[in-house]
Amino acid sequence: AAVATRNAEIHDALTNRNVDVPEEFRDEVTDVLMTDPVTLPSSRRVVDRSTLVRHLILRPSDPFNMTPLTLRQAEAASDLRHRI
């Protein structure tokens, strides 16, 4: 029952921007809970990998400063991911 409750809380946080999620766990572009955070090498900003992939399809650049960027250059924010 506890696992089901936690899964429901995670689902709510992923799909509802009104859920109280700490700022550091929110994607800086979409403002929703991240599940796979990455740090962008140029701007040092953190976004979810899925957000970055969607951005890179349209423009191969850092969404914050337009510096050329590939997905391979994004650094996994493993410490943050474990805290989420």
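Throughout, numbering of the chain's residues begins at 1 and tracks the sequence. Keep in mind that this is a model prediction, so the values were computed, not measured.
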Asks: Which atom names give the shortest non-hydrogen contact between Pro41 and Ala74, and what distance separates them?
Replies: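 What the structure gives for the nearest pair is CD-CA, 4.3 Å.
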Asks: Taking distance alone, no hydrogens or angles, what donor-acceptor pairs closer than 3.5 Å link side-chain atoms of residues 57-67 to residues at least two apart or in another chain?
Replies:
| unit_1 | atom_1 | unit_2 | atom_2 | d |
| --- | --- | --- | --- | --- |
| Ser61 | OG | His55 | NE2 | 3.4 |
| Asp62 | OD1 | Ser43 | OG | 3.4 |
| Asp62 | OD1 | Phe64 | N | 2.7 |
| Asp62 | OD2 | Ser43 | N | 3.3 |
| Asp62 | OD2 | Ser43 | OG | 2.8 |
| Asn65 | OD1 | Thr67 | N | 3.0 |
| Asn65 | OD1 | Thr67 | OG1 | 2.9 |
| Asn65 | ND2 | Ser42 | OG | 2.7 |
| Thr67 | OG1 | Ser42 | OG | 3.2 |

Asks: Which residues pass the salt bridge (Lys or Arg N to Asp or Glu O under 4.0 Å) test with Arg45, not counting sequence neighbours?
Replies: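 If we apply the salt bridge (Lys or Arg N to Asp or Glu O under 4.0 Å) test to Arg45, skipping adjacent residues, the hits are Glu28.
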Asks: Tell me, please, which residues at least two apart from Arg72 pass side-chain hydrogen bond (donor to acceptor under 3.5 Å, both in side chains).
Replies: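 Arg72: no side-chain hydrogen bond (donor to acceptor under 3.5 Å, both in side chains) contacts found.
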Asks: Output, in order, the C-alpha distance, side-chain angles, deciding distance and verdict of side-chain contact (heavy atoms from CB on, under 4.5 Å) for Thr70 and Leu56.
Replies: CA-CA 7 Å; Thr70 65; Leu56 292 175; 5.8 Å; no
Asks: Tell me which pairs pass salt bridge (charged side-chain N to carboxylate O under 4.0 Å, His left out) where either residue lies in residues 48-57, with sequence neighbours left out.
Replies: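 Residue pairs passing salt bridge (charged side-chain N to carboxylate O under 4.0 Å, His left out), neighbours aside: Asp36-Arg49.
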Asks: Check Met34 against Val47 and note the closest heavy-atom contact, atom names and distance.
Replies: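 That closest heavy-atom pairing would be SD-C, 3.5 Å.
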Asks: Decide yes or no for Arg26 and Val32: does some side-chain heavy atom of the first lie under 4.5 Å from some side-chain heavy atom of the second?
Replies: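 Heavy-atom side-chain distance check fails, nothing below 4.5 Å.
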Asks: Return all side-chain donor-acceptor pairs below 3.5 angstrom for residues 77-84, not counting sequence neighbours, or 'none' if the list is empty.
Replies:
| unit_1 | atom_1 | unit_2 | atom_2 | d |
| --- | --- | --- | --- | --- |
| Arg81 | NE | Thr35 | O | 3.3 |
| Arg83 | NH2 | Glu24 | OE1 | 2.5 |

